[in-house]
A.B. asks: 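Before I ask anything, here is the structure I am working with.
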Amino acid sequence: QVQLVESGGGLVQPGGSLTLSCAASRSLDFYVIGWFRQARGNERVGVACIASNGYARYYADSVKGRFTISRDSAKRTVYLQMNNLKPEDSGMYYCAATADRDYGAAYLSYIEYDHWGQGTQVSVGS
């Protein structure tokens, strides 16, 4: 069992930046990690994901070129750097993990993930 804790959310103006962190209770070396956003009243959608080896990285079309996912094995932490934020990026952001069962794969679908953090709120507005 792996426990995940997100941090780094907050209120930011459009065009601003935030970096979210997802800290794990154990090594994430053999886990695929995803970041998901859930706006009020909407379903949870995949924003970015990264394979256990760090090579494959996938992004939702709406964030390509603005968001970057990365992982630091030594710190047991995965990051989501968010630049040029827009109001539609607002929502609760969750990180999730699933054991790597297909080496090198990564998933943007929430149904693939077993372990979830409690979320961190991101609000983009003036």
Side-chain angles (χ1 to χ4, degrees):
Q1 185 79 5
V2 57
Q3 295 180 328
L4 305 171
V5 179
E6 302 94 334
S7 62
L11 174 63
V12 63
Q13 292 186 344
S17 298
L18 283 173
T19 299
L20 305 184
S21 298
C22 172
S25 59
R26 55 176 292 177
S27 171
L28 292 176
D29 287 354
F30 301 102
Y31 286 87
V32 180
I33 306 298
W35 280 100
F36 296 80
R37 177 178 66 236
Q38 187 166 22
R40 188 173 301 175
N42 292 341
E43 66 179 13
R44 195 169 297 189
V45 296
V47 173
C49 59
I50 186 167
S52 61
N53 59 12
Y55 290 120
R57 308 182 193 197
Y58 302 114
Y59 300 91
D61 288 343
S62 61
V63 307
K64 284 180 181 177
R66 299 188 297 121
F67 289 14
T68 302
I69 189 171
S70 61
R71 59 195 303 158
D72 186 327
S73 180
K75 295 183 178 179
R76 299 181 300 184
T77 300
V78 176
Y79 303 97
L80 185 67
Q81 173 68 42
M82 306 187 296
N83 298 327
N84 190 21
L85 282 161
K86 304 176 180 180
E88 52 263 41
D89 295 321
S90 298
M92 186 70 78
Y93 280 73
Y94 300 89
C95 70
T98 187
D100 186 0
R101 56 190 180 276
D102 186 8
Y103 185 71
Y107 319 102
L108 280 175
S109 173
Y110 71 89
I111 64 173
E112 301 287 352
Y113 292 86
D114 310 301
H115 310 282
W116 292 84
Q118 83 292 345
T120 185
Q121 180 68 40
V122 172
S123 299
V124 184
S126 54

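The analysis underlying the following values was restricted to heavy atoms, covering all of them including side chains, and did not include hydrogens, waters or symmetry mates.
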A.B. asks: Should the pair Lys86-Asp89 be classified as a salt bridge under the 4.0 Å nitrogen-to-oxygen rule?
C.D. replies: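 Result for this pair is no, no salt bridge flagged.
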A.B. asks: Is there a donor-acceptor pair under 3.5 Å between the side chain of Thr120 and the backbone N or O of Gly9?
C.D. replies: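 Present.
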A.B. asks: Can you confirm whether Ser70 sits close enough to Arg57 that some side-chain heavy atom of one is under 4.5 Å from a side-chain heavy atom of the other?
C.D. replies: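 Counting from C-beta outward, Ser70 and Arg57 do come under 4.5 Å.
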A.B. asks: Check each of Tyr94, Trp116, Tyr110 against Phe36 using the ring pair (Phe, Tyr, Trp, His ring centres under 6.0 Å) test, and report the only one that passes.
C.D. replies: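 Considering Tyr94, Trp116, Tyr110, a ring pair (Phe, Tyr, Trp, His ring centres under 6.0 Å) with Phe36 is found only for Trp116.
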A.B. asks: Compute whether any side-chain donor of one residue and acceptor of the other, for Gln81 and Thr19, lie under 3.5 angstrom apart.
C.D. replies: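 Yes, a side-chain donor-acceptor pair sits under 3.5 Å.
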A.B. asks: With distance as the sole criterion, is a donor-acceptor pair present between the side chains of Thr77 and Asp72 under 3.5 Å?
C.D. replies: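 Absent: no donor and acceptor within the cut-off.
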A.B. asks: What's the separation between atom CD in Gln38 and atom CD in Gln121, rounded to the nearest 0.5 Å?
C.D. replies: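 So the gap between those two atoms works out to 10.5 Å.
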A.B. asks: Which pair of non-hydrogen atoms, one from Gly46 and one from Ala60, has the smallest distance, and what is that distance?
C.D. replies: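 Heavy atoms of Gly46 and Ala60 come nearest at O-CB, 3.4 Å.
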A.B. asks: Would you name the heavy atoms of Gln1 and Arg26 that are closest together and state the gap between them?
C.D. replies: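 The pair with the smallest heavy-atom distance is O-CD, 3.5 Å.
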A.B. asks: Are any of the side-chain heavy atoms of Arg71 and Ser73 separated by less than 4.5 Å?
C.D. replies: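 They are not in contact (no side-chain heavy atoms under 4.5 Å apart), so the answer is no.
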A.B. asks: So do Ser52 and Phe30 actually touch side chain to side chain, heavy atoms under 4.5 Å?
C.D. replies: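 Sidechains of Ser52 and Phe30: no contact.
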A.B. asks: Less than 4.5 Å apart, any side-chain heavy atom of Gln3 and any of His115?
C.D. replies: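 They are not in side-chain contact.
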A.B. asks: Distance-only, no hydrogens or angles: does the Tyr113 side chain make a donor-acceptor pair with backbone N or O of Tyr107 under 3.5 Å?
C.D. replies: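 Between the backbone of Tyr107 and the side chain of Tyr113 there is a qualifying donor-acceptor contact (under 3.5 Å).
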A.B. asks: Which heavy atom of Ser90 sits nearest a heavy atom of Ala39, and at what distance?
C.D. replies: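 That closest heavy-atom pairing would be O-CB, 4.0 Å.
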A.B. asks: Keeping to residues at least two apart or across chains, list the disulfide (SG to SG under 2.5 Å) pairs with something in residues 7-78.
C.D. replies: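 Counting only pairs at least two positions apart or across chains, the disulfide (SG to SG under 2.5 Å) contacts touching residues 7-78 are Cys22-Cys95.
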A.B. asks: How close do Ala106 and Ala56 get, counting heavy atoms only, and between which atoms?
C.D. replies: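 Reported closest heavy-atom pair: CB-O, 4.3 Å.
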A.B. asks: Give the other cluster members for Leu28, using side-chain heavy-atom distances under 4.5 Å between Ile, Leu, Val, Met, Phe, Trp and Tyr residues; answer none if it is isolated.
C.D. replies: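 For the cluster that includes Leu28, the remaining residues are Val2, Leu4, Val12, Leu18, Leu20, Tyr31, Ile33, Trp35, Val47, Ile50, Tyr59, Val63, Phe67, Ile69, Val78, Leu80, Met82, Leu85, Tyr93, Val122, Val124.
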A.B. asks: Salt-bridge test for Arg76 and Asp29: reply yes if a basic N is under 4.0 Å from a carboxylate O, no otherwise.
C.D. replies: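 Here Arg76 does not pair with Asp29 in a salt bridge, since their nearest N and O are not under 4.0 Å apart.
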A.B. asks: Less than 4.0 angstrom from a charged side-chain N to a carboxylate O is my criterion; do Arg37 and Glu88 meet it?
C.D. replies: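 No salt bridge links Arg37 with Glu88.
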A.B. asks: Glu112 versus Arg101: any side-chain heavy-atom pair under 4.5 Å?
C.D. replies: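 Counting from C-beta outward, Glu112 and Arg101 do come under 4.5 Å.
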